[in-house]
Number of protein chains: 2
Amino acid sequence: MTTEKSLIDSALRGWKSNIEQADKLFGGLSPEQLEQEVAPGKNRLIYLWGHLAAVNDRLLPLLAIGERLHPEFDGMFISNPDKSVQLTVSGQTLKAAWQEINQKLWEGMAKFSAGDWAQRHTAVSEQDFEREPHRNRFAVLLGRSAHVAYHVGQAALAERKI
Amino acid sequence: MTTEKSLIDSALRGWKSNIEQADKLFGGLSPEQLEQEVAPGKNRLIYLWGHLAAVNDRLLPLLAIGERLHPEFDGMFISNPDKSVQLTVSGQTLKAAWQEINQKLWEGMAKFSAGDWAQRHTAVSEQDFEREPHRNRFAVLLGRSAHVAYHVGQAALAERKI
């Protein structure tokens, strides 16, 4: 394996490991458990899960893998705080969407060469990218990996009361 | 910049950004604030900070950068849960140690070439590494970046009551 490939392999394994941790934490919860807050007055588990799904969904166009699958998640899980908007998605629907999003992302990511990863992401212009070559797809992958870990850490605090 | 260098640059920026988030969260807290739990009955902020410092300190030998600076942190912050052992470190001492550890790590990391990052870390044998080349230093960097993000997410939940 070349050095480039080895570096990318490590990053993809890291991504997968964070997603699997989220799967484990959220995937087996009942509708009642998903309603629990991670700490008193803080976000509910269903909100964190939906938030991760929505942010990952946005990666599809950002990495130029494809169109978004669930743009309707943004209103519920990104642009508004928890409990301010009625959720129109159940735990079961969210689980299916989460898997669908991560599956499509994974298939797209697996096709990228090292050169592809070093290319600009779609939210940076060609001109800006010339000055700031670190705004590439690989940085997005690492940033979003950390984003998953950040909220998984919070979700792990929720008491399993029910 | 070569593709290899660009990938590593992204990972180092990601590391730094996570460390800086931790700096911001913990660095300005009073001794009383550091005693607060991130959620009722959960770890105190000082424990999470010490835990991150201890785990990062372990990176020094793991990445073959150098000897550990604070092996005495393990008993307080890794091998025992919070509140089970008397802490013999103050917030101020911890802050100095945290900065010292991250500074030494950063200087070591900055010297690694792409080939260095793809080398095995010191906890994997040469034989095992031949079969499992993904157990390299780069994977350790990404894994520990996620580890920082995981606990920073938790620390961000603590109410600033005092």
*Asks:* Check each atom of B:H134 against the heavy atoms of chain A and say whether the ones under 4.5 Å are side chain, backbone, both or neither.
*Replies:* both

*Asks:* Where do A:F138 and B:S10 come nearest, in terms of heavy atoms and distance?
*Replies:* CD2-CB, 3.9 Å

*Asks:* A:L7 versus chain B, heavy atoms under 4.5 Å apart: side chain, backbone, both or neither?
*Replies:* both

*Asks:* A:R135, A:H147, A:R13, A:H151: which one forms the most heavy-atom pairs within less than 4.5 Å of chain B?
*Replies:* A:R13

*Asks:* So if you build clusters from Ile, Leu, Val, Met, Phe, Trp, Tyr with side-chain heavy-atom gaps below 4.5 Å, do B:V55 and B:V148 land together?
*Replies:* no

*Asks:* Can you name the closest pair of heavy atoms from B:Y150 and A:A156 and give their distance?
*Replies:* OH-CB, 3.3 Å

*Asks:* Considering heavy atoms only, which positions within residues 98-125 of chain A lie below 4.5 Å of chain B?
*Replies:* A:A114, A:G115, A:W117, A:A118

*Asks:* Please find the pair of heavy atoms, one from A:S6 and one from B:P133, that lie closest to each other, and give the distance.
*Replies:* OG-O, 4.5 Å

*Asks:* Decide whether B:F26 and B:I78 are clustered together by the hydrophobic rule: side chain heavy atoms of Ile, Leu, Val, Met, Phe, Trp, Tyr closer than 4.5 Å, transitively.
*Replies:* no

*Asks:* Specify the closest pair of heavy atoms between B:A11 and A:L142, including all atoms of both residues, with the distance to one decimal.
*Replies:* CA-CD1, 3.4 Å

*Asks:* With the 4.5 Å side-chain cut-off for hydrophobic clustering, are B:M76 and B:W49 part of the same group?
*Replies:* yes

*Asks:* Are more than 12 heavy atoms, taken from residues, nucleotides or ligands other than B:K83, located less than 6.0 Å from that residue's NZ atom?
*Replies:* yes

*Asks:* Given the rule that I, L, V, M, F, W and Y join up when any side-chain heavy atoms are under 4.5 Å apart, are A:V140 and A:I19 in one cluster?
*Replies:* yes

*Asks:* In terms of hydrophobic clustering (I, L, V, M, F, W, Y; side-chain heavy atoms under 4.5 Å; direct or indirect links), are B:L62 and B:F77 co-clustered?
*Replies:* yes

*Asks:* Keeping the roles fixed (side chain from B:Q154, backbone from A:Q154), state whether a donor-acceptor pair exists under 3.5 Å.
*Replies:* no

*Asks:* For B:R137, what residues pass the salt bridge (Lys or Arg N to Asp or Glu O under 4.0 Å) criterion, not counting sequence neighbours?
*Replies:* none

